[in-house]
Amino acid sequence: MKFYKYILLLLLVNVVASCNDFLDEPTSKSTNIPVSSLEHLDALLNDYSQFNTESNSTAIFGTDDFGFETELFDASPGGNAYSISMAQYGLWDRENVQFDIRAYWPQEWEKIFTANLVLLNLPDVSGDDNEKKQIKAEAHFIRVYSYFQLANTYCLPYSDATGSELGLPIKQSTSFEENLERVTLSETWAFMEEDLQKALELSRDFEEVNSLNRSWRASTAAVNAFAARFYLALNDYVKAQEHAQTALNEYSVLRDYNSEMQFSDQPAEITLFNTDGTTEQFNIDFPYTHDTQNADLQLEWGESYYYRVLDNGQWKYWPSQELLGLYDQSYDLRYKYHIVEGFSYDQASAVDPPYDYPGYIFFDRSKILSGPSVSEMMLIKAECQVRQGDFGSGITTVNMLRAMRMDNTAPSSVINLAASSQSEALVKVLEERRREMPFVHRWYDVRRYNNNNDPADDVVISRTFYPFNRNSILGADTPINFTLDKNSRKYATPIPDSDIISSNGVLQQNTY
Amino acid sequence: MELKFTDAHFLKKRILKTIMRFFIFLSCTIAFGFSPNSGLSQNSKIKIIADKTITVDEVFQLIQNQTDYKFIYRTDLFKNSPSVNLKKGAIRTFRLLDETLSSSHITYDFIENTIILSKKPIEQIYAEQIEQQITITGTVTDVNGNPLPGVNVLVGQKGSSTVRGVATDFDGKYSIGATNGEIIRFSFLGFQTQNFTVTNQTTLNVVLKEDVGELNEVVITGFQKISKERATGSYDIIDKSELDKPATSISERLVGMVAGLQSTVNTDGTVDFEIRGQSSLLADQEPLIVYDGFPIEGGFETINPSDVESITILKDAAAASIWGAKSANGVIVIVSKKAAKGKTNISVSSFLRASGKLNLDYSLGFANSSEIIDYQQKGFDSNFFGSPFGGPPPISSNALSPFSQAIVAMNEARLGRITNSERDATLARLRGINNQGQIEDYLLNAPITKQYNINISGGNENMLNKLSLLFEDNRDYFKGNKVHKYLINYNTSVKITDRVKFDFGGMLQFNDNTRNGVTLGDIASLGTYNELVNSDGSLTDMSYLKYYRPNLDVFVPFDSFAYNDWSYNPITEIRNRDLSTKQINARIQTGLTVDIIDGLTYSSKFQYESSIANTDNYYSDKTFDVRQFINETSGPEWNYGEVPTQLVPSGGILNKRSLEVNAYNFRNQVNFIREFKDKHAINFVAGTEFSNRVRKYTANPTAFGYNNKTLTTSELLGDVNSSSLWDFYPAVYARYFYKFNLTPRHSFSENTDRFFSLYGNLGYTYDGKYTLNASYRTDASNIIADDPKYRYDPFWSVGLGWQMNKENFMSDVEWLDRLNVRATYGVNGNIDKSTSFKPTISLHSALDVITQENTAGIASNGNPTLRWEKTKSLNLGVDFSALQGKLNGTINVYNKKGTDLIVSQSIASVNGSTSQKFNNGTMLNKGFEIELGTSRNLKGNDIQWRGSINYSYNKNEITSLFKSDYHMWDMTPGGTASYVEGHDANTMWSFVYGGMYNFGSETSVNMQPSIVGIDGLNNSITTWATGNAVEYMEAQGSRVAPTNIGMRHSFKIYDFDLSFIITGKFGHVFRRQSFNYPSGGITPVNSQYSEVAASDGSDVIPIPDVQGRYYFYNRFYPFMNYLTEDASHIRFQEVNLTYNLPSLLMNKIGLNSAKVYAQANNLGTILWNDFDEDPEYPVGTIKPQTTVTLGVQLNF
């Protein structure tokens, strides 16, 4: 009988073994599949909607580009021109923002996860070796880009004095077991620089696909443009200018606002109920870029090396009076098209009685391109030139940009900036930077201005607004003053409390 | 006397060959290469252990011991017969009998398992007896009048062991001689034995009643039959008389029948079941449905209710673990009726079920028109309470969003486009309107279901056939909806040789489902003062429900659009669309059973199922949906006074999609059932199973310009990527706003589920008293795994049973018929295929619209802990029967512990996601079940009472689940996101109302309704409450009843049967209707308006004066703690009255039996809440109306 037992056992083993083939059939052909080819990774990176959005409330509301106006608050029904979270982020509340349920923090970590997934699977997937190399560099680029965003939002500005402050956790795999402890700021920046160097190995032309710049994918131009931004943040003007120049050499097309910008032709009529009982129709003039939430106009814009957008879920970019004051309101076409009058009628319901306050509009009501762009590279180049003493060249560089932005019927003295000293040139270049890229760069800029060797560009942000508590803005109270000091610890936004809890306390919160 | 025996060596070789073939069969190859072995006779073999010489009586004893055969003969018949010499070995029963009897003049007659021995041909014995005895003749039938062939009719003196017997023939007729004073007994397996004393009667027609106790003796697990006495697990078998009642789905018949089976009847009549509480958090929670041995795809809907022979519910681990990975939620095993040998039996039945129209007051729950206008006036005056989302519309060409007729009148007067008196006249007119009568007349139906059934069955020794046909015509609450259902079932069983049996079952179903009618939501959008028809009967134009009509009239150049008719009326929609789903389901089940040696059978079964559902939604261009779509996709040029550019061609629109499911199961199994030496009974099965299920979904591109007469379509008239809708949105967004998609593409998906299983079950009973049951199963599925070993997981169970009443010490306890004590422990499984060990991606089915490149997204971040969910259950049970069945019952106590349950768990978002599914949850279900029944004859066979009551209690608790923080939106809808450690999985989480609170400061007072938020701080209901929701929300009890009661009583009163079913659920909670706080638009206020209008805000959320974020209230108001009420209720489920026409009358007109019945369902409820809301069908939903069913059933 023993013999039969062996036969039985053998047969059973055979059954189980051959069944592995039977069970190897994937559950689905398209969803929930493991990564197995380079095409899969390519498809992941192609999905720009997973990468393009930056809902960074700290950057949107926390600078002097954003206006807190008590009059606007008063004129809107229920004070709805401002939400409590605008006040909490914009007035540097560090108690309540950690409970923000729509914090920016997870958004970038998701991108980092995808980058790590790509990096981990690359060695095992089938595909062309050179293409693999490019995708590897691209994944490093995605990772360093997100780390840069996070470090500039949730950590203190990096300087010699702050090197041992809390940085970020180093996440290099898709494992849930990886240590979530925050390393020091200097370790964080070292890790980022390492990633950046790997990203710079990318060698890919700035291609066109479907008659669009393929800015949703990394390219040599995009990586260099980002590197310029990166080194500028470290106040390394040599490297910043070098990379900016490399990017500009690859691609340097700018839109001429004189011929390539127009108003929307969509009627945006509002009925205003005047105090005298009459009604009045008002048509809000939006730029044509306002007309869609779709990515097509953003990709067609054509000045970005890399497709990222700052996304304001509250739909309200109220420009501060200070920002409005920087523009030449007669000839600056950026003012003409992006500063939209009557926006308070639309977004604050201030129609009965009417109260007019403008809004800053780029794409739709919520989005502004934030990826490295041609104009940013020109401004970086100009700033580096000025800071390195070559202020004349700096002004010339800026004027090349202004030619595309100012009304060409304006007197040349209005179109072209001029400076007689390095310090004057610096002020003018930095002002131009604000005019060109409001809301997008100001937060990062103020951080670096306050931590470079030049005290002249330091910024202390101060505004007067109603006090607020956890739940509401106290609109009947007396407005008070809010100030963000030069080296305030408030420059580091608190990490969401839910992450602190979920990590069982391994992840440390910022201290204030 | 010498006997020759079968060559033992030859037999051994044959068995070996058979075993080898069996294992070849087990391997992965799917092929029927097995040829039936006709050399082996069906006769069972008798084993002779050693050479011996025995008497004839001892031979019979030997046969009785080793087989099921019983002998009937006169005790002195073999007094003088010679002894028989037996040699060691095996011999076929009938060979042994022949040899034993060869020397005498005795013959034997074989009826079922009874062997009657007589000196002469049996007829002659009767002939002899007739001379001195009276002859009794008659027919034996079941309660339905079906003749019962093979019933044992035995006559004998009272107390004497000597009996004579015959069996009824194919027509149920018998004839037997007897003398006065003798006892005549009718016995038949599965029926109650009846005894009569012979008086002078010569005719004795007997109706045998099915013995539920007897029939219940067999428990069917889908893999094997186990006698109930020897089953250690917790099973429930549905009373056969219940299955006989009218039903459109057999699931209806389970409601209230079984302790521990919680049922919820949906408004469409389907039923959701849960066995012994929820056992999985995220994975499938439905019990497994098994039909004739296989899990089936279509569920209850693909089963003809009149074909069902029995339903067994497997509740505990021992019962269900043989189903392994799919069994954690319990198993419902359905067995179809099989044909019986004998005369062809034809049964015809039909029923009509009807109910009243929907109760609109309840199902809509609106305030009256006047109250609605009061509210809208209040809202209008305050700019809709300051809410920017619902404020009165400005006039402009792009302000076309609809507002109610009353608000439009107010706004038009404000803008000066109409006078105040015109406005007041309109408002006064609207206040006086109630459109419910019109809705009932034009949109609603009184539901009617008609079902017709024909069953034909019959067969002979070698072949049994059964055919059933069903047609059902179903009309629901809404005009324009109908379902036609055709179902054909065919079963055959063929005896190929004495040892090989072949079974075949085929099912073909066609469902034709038309859904042109409106939905309850559509009716709700009609409000209360919007009329469907004018006084002259013509249809009104209700386009004010779709547009701000005055602006449409002023700004939109109707005539320049493709359709200048912009009117809307739901009646037009119903008439001009054809939305239908046609479904074909087919199922084939085949089986081959081979008797190998005595007690050992081998069976191979195969099931193939195919289901194709085609949905065709056609809208003609007379519908508003199509006219609106074509007009509104014609570009924004009209805004500038230009002619619109038509993009979508004129004509109808067709959306078409199909779902195809193909599945097969292939199972090979050995069964060994044998008793040794009267003491040892073994019941063993083992086998392998493969299953494969492929689900394909296809959506065809929308067909535009579709003409359903000529079947032609047209291309789009322009490039969709560069076109815009009439409101400037890109045309590619059309699918977000309309029923139709402008970027039509084929869309495909395909999913494959595969399982491979090995299983075995061993039952061993010693001395008929002690039973040990053990089962083992390993399942593997095609989950994504690095190492194939992760795909396998074992499930097992052990059970012990003790039939105490058979012990000697219990023999004095005469009142106790039966006492069975059971204990089982085991592990069942469940799987969630949505995760995998590694991160996975999903490829998007279409190229990106803008970049024209392939894209993919992360589907899962990976679950490195992935394994099968396991439910470990312990069950202790007692079955008893006392006082000759006057009281019988079962008590079960169980503890079900779910471990490795997949839970969605909070993780630090640094890991790339804020939550991920891990096998990290545990859950406990504890409970007990009591079932009590009685069966009493109150007046002989004329008045009988059978009653049963079941009580079950279940407590569910999630015992471990790490989730760091909960958002309020996790908790409010319930479900997986709201699972909290230490709480019932179905806990109702509510906001604690905090009254009015000053959210401002002393100087800037800002009084708003609040909830009690984190740390007891008041949180406004106009912003998300932050902090861990578990800390500030209130757990108000379970939404699923812990206590369930079912009660059923039936009375037979002469020819009438009366039965009723009452169910009760207790100890849970529900949310009553809240006021709906509409902030503009066309939504009317609901019937709770008066409660809120009068409130000062201390008890309920009041209507605000000015609140810029009024639209935000809906995140809170439906979930307030003051809305939670006791959901306990008692439901009068069913009353049935059946009249069985007297058989005498029936025979005259050629019928075996006939019955007519009337049944009423949903008769009423007793509620434990003060708001008159049915907890299972709250206000604002469809509440099933009382239905009345009339039916007839004829047997030929």
- Item | Atom group of Asp100(A) that falls short of 4.5 Å from chain B, counting heavy atoms | neither
- For the candidates Asn751(B), Asn692(B), Thr851(B), Thr1022(B), which exhibits the highest count of non-hydrogen atom pairs separated by less than 4.5 Å from chain A? Thr851(B)
- Engaged part of Tyr48(A) at the chain B interface, taking heavy atoms whose separation is under 4.5 Å: side chain
- Between the side chain of Asp499(A) and the main-chain N/O of Ala908(B), is any donor-acceptor distance below 3.5 Å? no
- Task: Ignoring hydrogens and angles, state whether a donor on the side chain of Asp477(A) or Ser1001(B) is under 3.5 Å from an acceptor on the partner side chain.
- Result: yes
- Query: Where does Asn283(A) contact chain B at under 4.5 Å (heavy atoms): side chain, backbone, both or neither?
  - Reply: neither
- Under 4.5 Å from a heavy atom of chain B, the part of Ala268(A) involved: backbone
- So, Asn32(A) side chain and Thr840(B) main chain: donor-acceptor pair closer than 3.5 Å or not? no
- Measure from the ring center of Phe22(A) to the ring center of Phe690(B) and say whether it is less than 6.0 Å. yes
- Item | Ile84(A), part contacting chain B, at a heavy-atom distance under 4.5 Å | side chain
- Taking Tyr729(B) for its side chain and Asp291(A) for its backbone only, find out whether a donor-acceptor pair lies under 3.5 Å. no
- Task: Could you tell me which of Asn854(B), Asn1006(B), Asp727(B), Asn1028(B) has the largest number of non-hydrogen atom pairs under 4.5 Å with chain A?
- Result: Asn854(B)
- Using non-hydrogen atoms only, which part of Arg182(A) is less than 4.5 Å away from chain B: side chain, backbone, both, or neither? neither
- Message: Quick check against the 3.5 Å criterion: does Ser472(A) have a side-chain atom that pairs as donor or acceptor with the backbone of Phe999(B)?
- Response: yes
- Atom of Val910(B), atom of Trp105(A) and distance for their closest heavy-atom approach: CG2-CZ2, 3.5 Å
- Message: Less than 4.5 Å to any heavy atom of chain B: does that hold for the side chain of Leu180(A), its backbone, both, or neither?
- Response: side chain
- Task: Evaluate the side-chain contact (heavy atoms from CB on, under 4.5 Å) criterion for residues Ile101(A) and Trp969(B): first the C-alpha distance (whole Å), next the side-chain angles of each, then the deciding distance (0.1 Å), finally the verdict.
- Result: CA-CA 11 Å; Ile101(A) 51 179; Trp969(B) 58 82; 3.2 Å; yes
